[in-house]
Amino acid sequence: MPFSRDFIELSCRKGVLRFGSFVTKAGRVSPYFFNAGLFDDGGSFSELCGFYAQAILDSGVAFDMLFGPAYKGIPLVAGTAMRLAGEGVNVPFAFNRKEAKDHGEGGTLIGAPLEGRVLILDDVISAGTSVRESVNIIRSHGAELAGVVIALDRMERGQGEFSAVREVEETYGVPVVPVATLEDLIAYLADTPEFTNNLAAVQAYRDAYGTHDAIR
């Protein structure tokens, strides 16, 4: 998708996507690192949420509302709901807090009631822990999971044969929609002179740890 390239370009420009030598949670030495928390100003964050909105609309996934898991999902779900409304798709949204509030409205859920088909918005899927927690919250309110939207699919194996993204899709029977994938990143590196020197390392990492099950 054209917006996938624009998203990667923005990520590089903002330093959200960096190249070098980084140790992942799995103990692998990765030649790139993605930190969505560095979309830290109004302009870039608005662009990010616009990319999420485009990915959602292009996916064709049927949904009734959005849910953002604490903490990174909170601004994502609010910003994306606003960008969707700008495209004529006005949907409710909710998010959770990790600590229950014992005064005021109480509880851990903020925003619209969880009803119907719920789309989870998060930055990445590593071990799938955040998704599991979100699904438990959604189901406990009688709603159903419609899918998950993430910024970047690293397309690498988890603990088993498949990627963490594929494991989520298989476990819950719903699509995971990425704004961009590792394949999009490799294509961008291949034809962007400023970053071409990182291509070989990223391809080597893909060959060592990648899986093709997430290619769409």
Side-chain angles (χ1 to χ4, degrees), residues 1 4 7-8 11 16-17 22-37 48 51-52 55-56 58-74 76-77 80 94-96 98 114 116-187 202-216:
M1 297 291 180
S4 299
F7 163 72
I8 291 171
S11 298
V16 171
L17 191 56
F22 308 92
V23 179
T24 69
K25 287 183 179 180
R28 299 167 180 167
V29 179
S30 172
Y32 70 97
F33 180 68
F34 179 82
N35 180 6
L48 171 66
F51 294 137
Y52 269 77
I56 290 169
D58 282 10
S59 74
V61 174
F63 68 100
D64 300 306
M65 68 175 296
L66 307 176
F67 177 78
Y71 288 101
K72 287 183 178 178
I74 294 175
L76 272 176
V77 75
T80 301
F95 54 88
N96 70 305
K98 290 186 179 290
L114 285 172
R117 300 162 297 183
V118 183
L119 200 56
I120 296 172
L121 272 58
D122 213 342
D123 57 345
V124 295
I125 293 178
S126 297
T129 304
S130 176
V131 173
R132 284 194 296 274
E133 293 174 351
S134 297
V135 171
N136 290 337
I137 293 170
I138 290 167
R139 289 177 175 173
S140 71
H141 285 77
E144 63 177 287
L145 178 65
V148 183
V149 187
I150 58 174
L152 180 67
D153 180 359
R154 291 178 61 96
M155 300 177 69
E156 63 182 80
R157 294 189 304 276
Q159 297 302 312
E161 178 183 356
F162 300 117
S163 69
V165 164
R166 173 67 178 275
E167 288 170 355
V168 166
E169 291 181 324
E170 293 287 326
T171 299
Y172 300 107
V174 298
V176 173
V177 179
V179 174
T181 68
L182 180 57
E183 291 296 325
D184 295 318
L185 172 58
I186 288 173
V202 174
Q203 286 178 321
Y205 186 81
R206 174 78 163 92
D207 292 341
Y209 301 112
T211 173
H212 292 273
D213 60 48
I215 296 178
R216 290 166 172 79

I need the minimum non-hydrogen distance between [X] and [Y], along with the two atoms involved.
| X | Y | answer |
| --- | --- | --- |
| Glu156 | Tyr32 | OE1-OH, 4.4 Å |
| Gly68 | Phe95 | O-CB, 3.0 Å |
| Val61 | Pro175 | CG2-CG, 3.7 Å |
| Ile120 | Ser134 | CD1-CB, 3.5 Å |
| Phe34 | Ser11 | CE1-OG, 3.9 Å |

Would you say the side chain of [Y] lies within less than 4.5 Å of the side chain of [X], judging by non-hydrogen atoms?
| X | Y | answer |
| --- | --- | --- |
| Leu48 | Phe7 | yes |
| Val149 | Leu119 | yes |
| Ile125 | Val176 | yes |
| Asn96 | Pro69 | yes |
| Val148 | Tyr172 | no |
| Val135 | Thr171 | no |

Between [atom1] of [X] and [atom2] of [Y], what distance do you get to the nearest 0.5 Å?
| X | Y | atom1 | atom2 | value |
| --- | --- | --- | --- | --- |
| Glu170 | Ser163 | CD | OG | 9.5 Å |
| Leu66 | Leu114 | CG | CG | 11.0 Å |
| Leu76 | Tyr71 | CG | OH | 15.5 Å |

Asp64: which residues meet the side chain to side chain contact (heavy atoms under 4.5 Å, CB included) condition with it, sequence neighbours left out?
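Result, side chain to side chain contact (heavy atoms under 4.5 Å, CB included) vs Asp64: Arg117.
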
Look only at the side chain of [X] and the backbone of [Y], and say whether a donor-acceptor pair between them is shorter than 3.5 Å.
| X | Y | answer |
| --- | --- | --- |
| Ser59 | Ile56 | yes |
| Tyr205 | Gly210 | no |
| Asp123 | Ala151 | no |
| Arg157 | Ala208 | yes |

CA sep, side-chain torsions, deciding dist, call: Arg206, Leu182, side-chain contact (heavy atoms from CB on, under 4.5 Å)
CA-CA 8 Å; Arg206 174 78 163 92; Leu182 180 57; 3.2 Å; yes

Expected list for residues 139-147: side-chain donor-acceptor pairs under 3.5 angstrom, two or more places apart:
unit_1 : atom_1 : unit_2 : atom_2 : d
Ser140 : OG     : Asn136 : O      : 3.3
Ser140 : OG     : Ile137 : O      : 2.7
His141 : ND1    : Ile137 : O      : 2.9

Verify side-chain contact (heavy atoms from CB on, under 4.5 Å) between Ile150 and Val124, making sure each step is shown before the conclusion.
CA-CA 5 Å; Ile150 58 174; Val124 295; 5.5 Å; no

Evaluate Leu17 against Leu185 for side-chain contact (heavy atoms from CB on, under 4.5 Å), listing each step before the verdict.
CA-CA 10 Å; Leu17 191 56; Leu185 172 58; 3.6 Å; yes

Can you check side-chain contact (heavy atoms from CB on, under 4.5 Å) on Arg28 and Tyr209, steps first, answer last?
CA-CA 9 Å; Arg28 299 167 180 167; Tyr209 301 112; 3.4 Å; yes

Can you see whether Ser30 engages Arg154 through a side-chain donor-acceptor pair at a distance of less than 3.5 angstrom?
yes

